[in-house]
Amino acid sequence: MSTNVQAQTQSIFDELAARQTWRFKHIVYIALIGAFLAWCADGVNLRPREVFNAVPIIADYFGRMWPPKWGFVEAIWKPSIETIYVALWGNVIATIVGLPLGILAASTVTQSRILRGGAMGILNVFRSISELIWAILFVAAVGLGPFPGALALGMNYGGILGRLYAEAIENVDKGPIEAMEATGASKLQVIMFAILPQAMPQFVTYNLYWFEVGVRSATVLGMVGAGGIGFELITSIRLFEWREVGVILLFILGMVTIIDMTSTYIRGRLY
Amino acid sequence: MLMPGSTQSAPTILSVRGLSKSYSGTIHALRGIDIEVKEGEFLVILGPSGAGKSTLMRCINRLVEPTDGKILHNDVEMTGKRRNLRAVRRQFGMVFQQFNLVKRLSVLTNVLTGRLAYRSTWRSLFYNFSKEDKRIAIECLARVNMDHKAFQRADTLSGGEQQRVAIARALAQQPTIILADEPVASLDPKIARQVLTYLKQVTQELGITVLCNLHQVEYTREFAERIIGMSRGKVVFEGTAADLTDEILHRIYYRDPDEQDDKDHS
Amino acid sequence: MGSVTFEDAVNAAMRLEAQARTRRYIKLSAWAALAVAALWYSAHQIKFSLAAVIHGVPFMWDFITRLFPPDLGYLTVLGGATVETVQIAIWGTLLAIIFSIPLAFLGARNTSPHIVVFHLTRLLLNSLRAINELVFALIFVSAVGLGPFAGVLAVALHATGMLAKFCAEEIEGVDKGQVEAQMATGASRMQVILFGVAPQIVPQFIGYAIYRLDVSIRSATVLGLVGAGGLGFSLIQTMKLFKYHQTATCILVIFLLVLISDWICGKLRRRVI
């Protein structure tokens, strides 16, 4: 009897010890993560006092934007519209780049591992290089202006869209594909009649979403000389014309909101 | 119209000889199937799910490549060569359990996809079909009484209507044989009878042979001209509805203890 | 069925098909004309020209050849900038997580204390989302000076807009039954949020935060273009000094960093969700 009780007590003690070491492990983890974050904060000059000081300064800068200089609207009307054109053509080019590569990269369409890997590889390269770096490259090639901006968006978003297209294709209902193959349809016919009609709403949703993102990106392409409102923005900031900056920010906000609402409306009517 | 008795003397349209299919060498879906199909008959393949009925159908129109054995269509061997796959497949219309229509396309376009194998890829890419193809498609729709819904989207139809459209799609291929894989398993009994009636009536009018997979005994008794019973990848019965005794049903639907060993060493 | 009536039905359907096709063609061509006009006009506005692309190929080629070979010795200098880029992204995202949790509850229809608060929060979040990190970075560089601190703030603000909106939508989509059960026990509003709402959205929120970290690393690589720290600063400086071999090294490092972060964040996300 007594040995039994002792054994039980011992096992409870063991468990307790095990739990305590487990807790100790947790403390070590938290300490390590804390130390890592502190090191990161130190690296980027993020100290509580600096943050505290920065708040009124930033508030002051946003305060300087008020009241907006409404007369400036005339000067930024055209570049704003240009921003949308850049995003629109960026989207078109992205579709032209992304669709064939996306179809090739889908495992349900392409049997050849090499072809599929190649297409995915190209998409990954396009995707991983930011639109601003693409813009620098295209400005070097075709000169300053909105056109290199559209090309830059097209390449970057082509990579992103291509990968999303490939996923959408892989997730399509397989039944109609089998049925189409059973009628003796060729590969291309199967793609046209069974795969694309099923994946189309998904494609349109992605395109709309990345058009919205494209408009936001296109507002900064002007900083590297690739058209749109970014050039006016950077100029006004360099000249400390904060009331002009205020107008530009409001303009961007209005533009993005309108496009958001439009695409939500279109998406609701898709399926 | 062919008389029920006349199928006995009709020529063989399809013969399957020693057909086997195994996946990765261990799972045996088919183990040496021998079947003779007579021209114009309505042949039901009866068996529980997992008996290999679907695999057999997919082997016949080569959606699945058999591991061993031969398939002869009008005495021409079809297994082994991949060159004329499109021409082979278009002779076999297929009807599926889940209908497999493209839901976002119109009923008519769905039926027109049955004509794809007859047309060049490039001409059909942009949904262009010849007047002749459209006439064939509409005729097929009219045969299953679905012509009045030709311009609706396929997903607006009920299950029974979708299956009738799927039958029309198979008919549009102008096939010699229709392979129906559990065509009514997803439908309620009243609609199931209606769909099977359409399938049998239309194919008899056009003289098309039907191989129909079923797992329900009552439909089999009602519609089959001849029955083949399958169990665990083998043919275990061949005969008519009258021959389908309880003892035979037991053999089709319940596992034999002897066969258990067979699975392990084969 | 008599053969005459069958023929008639087929003929009638053929006529209907012809009509439907004409109507479809008219509708299709109208839309196509509209789309072509819009694209044509905007192409004209942005000076779209394939000739310029073809003409530009030698220039681009020239630019690319000047990038090669990348100056691998420059890697030692870039080490610090790379670490800084990751640090900016981590703290930017962390601050965004901290800001976005209260904002998400204020900006969700079902947990917001008042409809006015809800609309104001959504307006704030939409503004933060609409404005690109680089724009924020430009303003903050003027306000708090050059360096990574401006970058952290820029990433934090934009990411807050994104995270809080996503989280607010998740909160609006929670299972009502669990919330009602909590309310039925007599729990306070805060308790309901803590025990009824929060557990339902935590996995999605963590998943999205990891995705946001990946996006933040991407943006942190270019913040330096406007002087807000990280690899982008080296990129633009070496370009301005025409040290293209070093620029190439920068592009290479950015590319690798983005690939690695994409891979790691993808793995982490799959483990959480």
Side-chain angles (χ1 to χ4, degrees), chain A residues 36-37 39-46 50-51 53-54 57-58 60-62 81-82 84-86 88-89 92 124-125 127-130 132-133 136-138 140-143 145-151 216-217 219-220 223-224 227 230 233-234 237 240 245 248-249 252-253 255-257 260, chain C residues 38-39 41-43 45-49 52-53 55-64 83-84 86-88 90-91 94-95 126-127 129-135 138-144 147-149 151-153 218-219 221-222 225-226 229 232 235-236 239 251 254-255 258-259 262:
Chain A
F36 173 71
L37 289 178
W39 172 71
C40 286
D42 186 59
V44 294
N45 304 328
L46 191 79
E50 294 227 11
V51 178
N53 290 342
I57 299 174
I58 289 166
D60 175 48
Y61 270 77
F62 277 101
I81 303 291
E82 190 179 87
I84 294 178
Y85 292 148
V86 168
L88 180 66
W89 266 100
V92 173
N124 276 336
V125 171
R127 211 161 58 84
S128 303
I129 297 174
S130 135
L132 278 167
I133 295 174
I136 291 170
L137 195 65
F138 283 121
V142 301
F147 182 44
L151 288 173
R216 285 185 235 139
S217 287
T219 58
V220 296
M223 293 180 188
V224 294
L233 183 66
I234 204 166
I237 290 177
F240 304 112
V245 175
I248 296 175
L249 293 188
I252 293 176
L253 186 58
M255 221 156 64
V256 170
T257 309
D260 258 21
Chain C
L39 286 177
Y41 180 73
S42 53
Q45 290 296 309
I46 64 164
K47 300 175 189 68
F48 186 99
S49 118
V53 178
H55 185 70
V57 167
F59 290 96
M60 194 154 35
W61 182 246
D62 177 53
F63 185 72
I64 290 171
V83 171
E84 193 175 82
V86 178
Q87 288 173 331
I88 291 172
I90 287 176
W91 265 101
L94 201 63
L95 289 179
N126 283 339
S127 316
R129 260 159 29 88
I131 292 162
N132 197 293
E133 293 99 329
L134 274 173
V135 178
L138 263 174
I139 296 169
F140 293 154
V141 164
S142 306
V144 300
F149 183 48
V152 172
L153 292 177
R218 261 162 225 252
S219 4
T221 60
V222 292
L225 295 184
V226 297
L235 178 79
I236 203 81
M239 256 183 83
I251 294 178
I254 290 176
F255 178 65
V258 169
L259 270 190
D262 185 68

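Lettering follows sequence order; numbering is per chain, from 1.
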Is A:L253 close to chain C through its backbone or its side chain, or both, or neither, when contacts mean heavy atoms under 4.5 Å? both
Which value, rounded to the nearest 0.5 Å, describes the distance between C:Q87 atom CD and A:L37 atom CG? 10.5 Å
Of C:S49, C:G229, C:G147, the largest count of non-hydrogen pairs under 4.5 angstrom with chain A goes to C:S49
Give the ring-plane orientation class for C:F140 versus A:F62, where under 30° counts as parallel, over 60° as perpendicular and anything between as tilted. perpendicular
Any chance you could measure C:L134, atom CG, to A:M223, atom CE, to the nearest 0.5 Å? 5.0 Å
Could you tell me the separation between the CG atom of A:L46 and the CG atom of C:L95, rounded to the nearest 0.5 Å? 6.0 Å
When the 4.5 angstrom heavy-atom criterion is applied to C:V152 and chain A, the contacting part is side chain
Contact origin within A:V220 toward chain C - heavy atom pairs under 4.5 Å: side chain
Heavy-atom nearest pair, A:W89 first then C:A43, reads NE1-N, 3.3 Å
Options C:K47, C:E84, C:E133, C:Q45, ranked by heavy-atom pairs under 4.5 Å with chain A, top entry: C:Q45
So, do C:R129 and A:D260 sit near enough that their side-chain heavy atoms are less than 4.5 Å apart? yes
Report which part of C:V226 has an atom under 4.5 Å of a heavy atom belonging to chain A: side chain, backbone, both, or neither. side chain
Above 12 or not: heavy atoms from other molecules or residues under 6.0 Å from CH2 of A:W39? yes
Under 4.5 Å to a heavy atom of chain C? For A:A150 that would be side chain
CG of A:L249 to CD1 of C:I131, rounded to nearest 0.5 Å, is 4.5 Å
Residue part contacting chain A, namely of C:D262, when any heavy atom lies under 4.5 Å: side chain
Of all the heavy-atom pairs spanning A:G43 and C:P148, show the shortest one and how long it is. O-CG, 4.0 Å
Output for pair (A:S128 OG, C:F255 CZ), nearest 0.5 Å, gives 5.0 Å
Taking C-beta and beyond as the side chain, do A:S130 and C:I254 meet within less than 4.5 Å on heavy atoms? no
If you count heavy-atom pairs under 4.5 Å with chain C, which of A:I57, A:L132, A:I234, A:I136 comes out on top? A:L132
Can you tell which of A:L137, A:L233, A:I252 has the highest number of heavy-atom pairs within less than 4.5 Å of chain C? A:L137
Do C:F149 and A:V51 have side chains that approach each other closer than 4.5 Å (heavy atoms only, starting at C-beta)? yes
So do A:I133 and C:T221 actually touch side chain to side chain, heavy atoms under 4.5 Å? no
Side chain, backbone, both or neither: which part of A:V256 has a non-hydrogen atom closer than 4.5 Å to chain C? side chain
Gap separating the CZ atom of C:R218 from the CD1 atom of A:I129, nearest 0.5 angstrom: 11.0 Å
Top contributor to chain A interface from C:L259, C:L153, C:V53 [non-hydrogen pairs under 4.5 Å]: C:V53
For a 4.5 angstrom cut-off between non-hydrogen side-chain atoms, does C:F59 reach A:V142? no
Cut-off 4.5 Å, heavy atoms of chain A, and the answer for C:L39 is both
With a 4.5 angstrom heavy-atom cut-off, which part of C:I90 approaches chain A: side chain, backbone, both or neither? side chain
Contact class of C:V83 relative to chain A, heavy atoms under 4.5 angstrom: side chain
Got a donor-acceptor contact below 3.5 angstrom from the A:Y61 side chain to the C:S142 backbone? yes
If one checks every heavy atom of C:F48 against chain A at 4.5 Å, the contacting part turns out to be both
Determine the option with the most heavy-atom pairs under 4.5 angstrom with chain C, choosing from A:G145, A:A54, A:G227, A:A41. A:A41
For A:I248 and C:V135, what are the C-alpha separation, side-chain angles and deciding distance, and is it a side chain to side chain contact (heavy atoms under 4.5 Å, CB included)? CA-CA 11 Å; A:I248 296 175; C:V135 178; over 6 Å; no
